[in-house]
Peer 1: 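Please read through the structure below; I'll follow up with questions.
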Amino acid sequence: QVQLVESGGGLVQAGGSLRLSCAASGRTFSTYTTGWFRQAPGKEREFVATISWAGNLYYRDSVKGRFTISRDNARNTVYLQMNSLKPEDTAVYFCAVHQYPHAYSVVASDFGSWGQGTQVTVSS
């Protein structure tokens with residue numbers, strides 16, 4: 001499995017922006033769907049955004065128009081630009097790579113590689 005390391009989390013005021021990065025090592029993920037999930041204390045891990053192996057973008061409804069997922073295959077890195085942040089966005093954000101090449105899913109159990117997570121805290 002590819003090794004993933006997230007960075008870019010932190011504390012930001014409501015309405016602010018953060019850019020998360022997920023750097024991969026061990027293998028390239030250009031033929032895999034990659035995505036971001038998040039988990040708040042006491043809640044289940046939830047889908048945030050994915051970019052398919054073909055470059056198609058998918059977002060949960062609550063972040064549409066505010067978050068943008070992108071990927072730089074040359075740097076083997078996936079990004080999540082988060083604008084207009086809200087307190088309800090507070091969570092640990094995880095980068096993940098699908099377990100199979102040329103496949104698409106937004107279900108966490110279909111993803112085989114996970115980073116350790118980066119904390120995002122949005123204050124009122």
Side-chain angles (χ1 to χ4, degrees):
Q1 297 290 322
V2 63
Q3 290 76 51
L4 304 172
V5 179
E6 301 97 335
S7 63
L11 175 64
V12 65
Q13 292 184 331
S17 298
L18 286 172
R19 181 178 173 86
L20 306 184
S21 298
C22 174
S25 62
R27 63 189 294 183
T28 63
F29 55 46
S30 61
T31 61
Y32 291 79
T33 289
T34 61
W36 291 92
F37 296 77
R38 66 188 182 187
Q39 188 166 23
K43 297 184 178 180
E44 296 182 358
R45 187 170 299 185
E46 64 183 18
F47 155 75
V48 177
T50 59
I51 180 167
S52 79
W53 63 272
N56 299 310
L57 310 178
Y58 304 89
Y59 302 93
R60 72 178 297 109
D61 287 343
S62 63
V63 308
K64 288 180 179 178
R66 299 190 297 121
F67 291 10
T68 303
I69 187 171
S70 62
R71 186 168 67 193
D72 186 338
N73 287 336
R75 296 181 177 180
N76 217 30
T77 302
V78 63
Y79 305 95
L80 185 68
Q81 178 67 46
M82 305 186 295
N83 299 326
S84 301
L85 283 162
K86 304 175 181 179
E88 52 262 44
D89 295 318
T90 296
V92 177
Y93 283 69
F94 298 90
C95 178
V97 178
H98 200 283
Q99 61 184 319
Y100 300 121
H102 300 151
Y104 170 75
S105 176
V106 298
V107 179
S109 60
D110 290 338
F111 287 72
S113 298
W114 294 85
Q116 291 294 309
T118 185
Q119 177 70 48
V120 172
T121 302
V122 184
S123 63
S124 300

Peer 1: Could you check whether atom OH of Tyr100 has more than 12 heavy atoms from other residues, nucleotides or ligands sitting under 6.0 Å from it?
Peer 2: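 It does not: Tyr100 OH has 12 such atoms or fewer within range.
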Peer 1: Side chains of Phe29 and Asn73: closer than 4.5 Å at any heavy-atom pair?
Peer 2: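 In contact.
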Peer 1: Could you go through the side-chain contact (heavy atoms from CB on, under 4.5 Å) check for Val120 and Leu20 one step at a time?
Peer 2: CA-CA 9 Å; Val120 172; Leu20 306 184; 4.1 Å; yes
Peer 1: Provide the closest heavy-atom pair for Gln99 versus Ser109 in the form atom of the first, atom of the second, distance.
Peer 2: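 The pair with the smallest heavy-atom distance is NE2-O, 3.9 Å.
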Peer 1: Counting heavy atoms not belonging to Arg19, are there more than 12 under 6.0 Å from its CZ?
Peer 2: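 Counting other residues, nucleotides and ligands, CZ of Arg19 exceeds 12 neighbours.
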Peer 1: First locate atom CZ of Phe47, then atom CZ of Phe37, and finally report the distance between them rounded to the nearest 0.5 Å.
Peer 2: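 One gets 7.0 Å once the value is rounded to the nearest 0.5 Å.
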Peer 1: As an exercise, state the distance from CG of Leu57 to NZ of Lys64, rounded to the nearest 0.5 Å.
Peer 2: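 Interatomic distance, Leu57 CG to Lys64 NZ, rounded to 0.5 Å: 11.5 Å.
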Peer 1: I need the Cys22 SG to Arg71 CZ distance, nearest 0.5 Å.
Peer 2: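 Spacing of SG (Cys22) from CZ (Arg71) equals 11.0 Å.
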Peer 1: Are Trp114 and Val92 co-members of a hydrophobic cluster defined by side-chain heavy atoms under 4.5 Å apart?
Peer 2: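 Yes, because Val92 and Trp114 connect within a single hydrophobic cluster, where side-chain heavy atoms sit under 4.5 Å apart.
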Peer 1: Starting at OG1 of Thr50, measure out to CG of Asp110 and round the result to the nearest 0.5 Å.
Peer 2: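 Between Thr50 OG1 and Asp110 CG, I get 11.5 Å after rounding to 0.5 Å.
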Peer 1: For Thr34 and Val97, indicate whether the former's side chain and the latter's backbone hold a donor-acceptor pair under 3.5 Å.
Peer 2: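 No; judged by distance alone, with no hydrogens or angles, the pair does not exist.
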Peer 1: Check whether any side-chain heavy atom of Thr31 sits under 4.5 Å from a side-chain heavy atom of His102, and report yes or no.
Peer 2: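 Yes - at least one pair of side-chain heavy atoms lies under 4.5 Å apart.
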Peer 1: Mark yes or no for whether Ser21, through its side chain, and Ser7, through its backbone, hold a donor-acceptor pair below 3.5 Å.
Peer 2: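 Not at all, since once roles are kept as given, no pair shorter than 3.5 Å links the two residues.
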Peer 1: Tell me if a side-chain donor or acceptor on Thr77 pairs with a main-chain N or O of Arg75 at a distance below 3.5 Å.
Peer 2: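 Yes; at least one donor-acceptor contact below 3.5 Å.
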Peer 1: With sequence neighbours left out, write down each residue that passes side-chain hydrogen bond (donor to acceptor under 3.5 Å, both in side chains) with Asp89, or none if nothing qualifies.
Peer 2: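 Partners of Asp89 by the side-chain hydrogen bond (donor to acceptor under 3.5 Å, both in side chains) criterion, ordered by chain and then number, come out as Arg38, Arg66.
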Peer 1: Locate the shortest heavy-atom distance separating Ile51 from Ile69; write the atom from each residue and the value.
Peer 2: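 For Ile51 versus Ile69, the nearest heavy atoms are N-CD1, 3.7 Å.
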Peer 1: How far apart are the closest heavy atoms of Gly35 and Phe111, and which atoms are they?
Peer 2: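 That closest heavy-atom pairing would be N-CE2, 4.2 Å.
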Peer 1: At their closest point, which heavy atom of Gly115 faces which heavy atom of Phe94, and how far apart are they?
Peer 2: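 The answer is O-CD2, 3.6 Å.
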Peer 1: Show every donor-acceptor pair shorter than 3.5 Å between a side-chain atom in residues 78-87 and any protein atom, with sequence neighbours excluded, or say none if there are none.
Peer 2:
residue	atom	partner	partner atom	Å
Gln81	NE2	Asn83	OD1	3.0
Asn83	OD1	Ser17	OG	2.9

Peer 1: Which pair of non-hydrogen atoms, one from Tyr59 and one from Thr68, has the smallest distance, and what is that distance?
Peer 2: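 Taking Tyr59 first and Thr68 second, the nearest heavy atoms are OH-CA, 3.3 Å.
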Peer 1: So how far is it from Ser124 OG to Gln13 CD, rounded to the nearest 0.5 Å?
Peer 2: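 Output value for this atom pair is 10.0 Å.
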Peer 1: Which residues, ordered by chain and number, are linked to Leu11 in its hydrophobic cluster, where ILVMFWY side chains connect at heavy-atom gaps below 4.5 Å, directly or through other members?
Peer 2: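 Traced through the cluster, Leu11 reaches no other member.
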Peer 1: Around Glu44, counting heavy atoms of other residues, nucleotides and ligands shown, do more than 12 lie under 6.0 Å from its CD?
Peer 2: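 No, CD of Glu44 has 12 or fewer neighbouring heavy atoms, counting only those of other groups under 6.0 Å.
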Peer 1: Roughly how far, to the nearest 0.5 Å, is CH2 of Trp36 from CD of Glu6?
Peer 2: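 These two atoms lie 5.5 Å from each other.
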Peer 1: Where do Ala24 and Leu4 come nearest, in terms of heavy atoms and distance?
Peer 2: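 Heavy atoms only, the tightest pair is CB-CD2, 3.7 Å.
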